[in-house]
Amino acid sequence: MVLVKKRHPNRIKEGSRIASAIIYIVVGLICVIALYPFYYVFIQSFADPQEVLKGTTYIWPENYYFGSYELILTDPKMWRAYGYTIFYVTAGTLLVLVTSVMAAYPLSVKKLAGRKWVVKFLIIPMYFSGGLIPTFLLMTQLGLYNNVWAMIIPGAVSIWNIILV
C-alpha cells in the first residue's frame, strides 16, 4: 500500500520562471515610474539654477549648487517653521492618543450598558461631518481663529482612531 501525500488546497502554487520574471520586470518599471518624480525633485534641489531653468537635468546634474540648502539652513523663519511643525506633530499625536484611548477603553467592555448605541452614535459623524463653514464658525466662536491650537484641537477626537483602538 502506497501512501500518496495530498496537496493542501490553499497552498500557493509555483508559477513558471518566465511569468515570474515578467511580473518582476513590470513591478520594477512601475516602481521606477512612481519614484522618478521624487528623484527628479531631489537632483534639482542641488543642481545649478540655470541648468534647472533650461530643463537639462534629468538623470544627474552637470553643475552643483548648494546655495538653496545654505539659504534654508540659515533662514531663521525656516527654523521657526520647523519648530511649529514639530510642536504640531508632538502635541497633536499626544492629544489624539490620549483622547482615543480614553474613549475606546470603556467601549471595549462587552457588558457596558448602551455600548452598541454609543458605537452607532459615533459612526454617524465619522461619515457625515458638519462641513467647512460650521467648523470655521465654531473655531471663531471658541477664540481659536489665527491661533496655534486651531491646528491641534479640531483633530483631537478622531472617531476612526477610537474605533481602531
Donor-acceptor pairs under 3.5 Å, side chain of residues 96-114 to any protein atom, not counting sequence neighbours: which ones?
residue	atom	partner	partner atom	Å
Thr99	OG1	Leu95	O	3.0
Thr99	OG1	Val96	O	3.2
Thr99	OG1	Ala156	O	2.4
Ser100	OG	Val96	O	2.8
Ser108	OG	Tyr105	O	2.6

Donor-acceptor pairs under 3.5 Å, side chain of residues 125-149 to any protein atom, not counting sequence neighbours: which ones?
residue	atom	partner	partner atom	Å
Thr135	OG1	Gly131	O	2.7
Thr140	OG1	Phe136	O	2.8
Asn147	OD1	Trp149	N	3.3

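Remark: the backbone N or O of Glu62 is paired with a side-chain donor or acceptor of Glu51 at under 3.5 angstrom. Not a single donor-acceptor pair under 3.5 Å links the side chain of Tyr58 to the backbone N or O of Tyr40.
Other residues, nucleotides and ligands place more than 12 heavy atoms under 6.0 Å from the CG atom of Leu164. The environment of Met151 atom CE is sparse: at most 12 non-hydrogen atoms of other residues, nucleotides or ligands sit within 6.0 angstrom.
Of the N and O atoms on the side chains of Thr57 and Gln44, not one donor lies less than 3.5 Å from an acceptor on the other residue.
Listed here is the closest heavy atom pair of Ile59 and Ile43: O-CD1, 3.6 Å.
Inter-residue side-chain proximity for Phe46 and Ser68 is flagged as unmet; no heavy-atom pair is nearer than 4.5 Å.
Under the rule for a side chain to side chain donor-acceptor pair (under 3.5 Å), Tyr24 has no partner lying at least two apart in sequence or in another chain. Partners of Tyr82 under the ring-ring contact (aromatic ring centres under 6.0 Å, His included) rule, at least two apart in sequence or in another chain, are Trp79. In terms of the side chain to side chain donor-acceptor pair (under 3.5 Å) criterion, residue partners of Ser45 (sequence neighbours excluded) are, by chain and number, Tyr69. Residues passing the side chain to side chain donor-acceptor pair (under 3.5 Å) test with Trp117, sequence neighbours excluded: none.
To the nearest 0.5 angstrom, Asn63 atom CG is 8.5 Å from Thr56 atom OG1.
Aromatic ring pairs are classed by plane angle as parallel below 30°, tilted from 30° to 60° and perpendicular above 60°; the pair Tyr64 and Phe66 is parallel.
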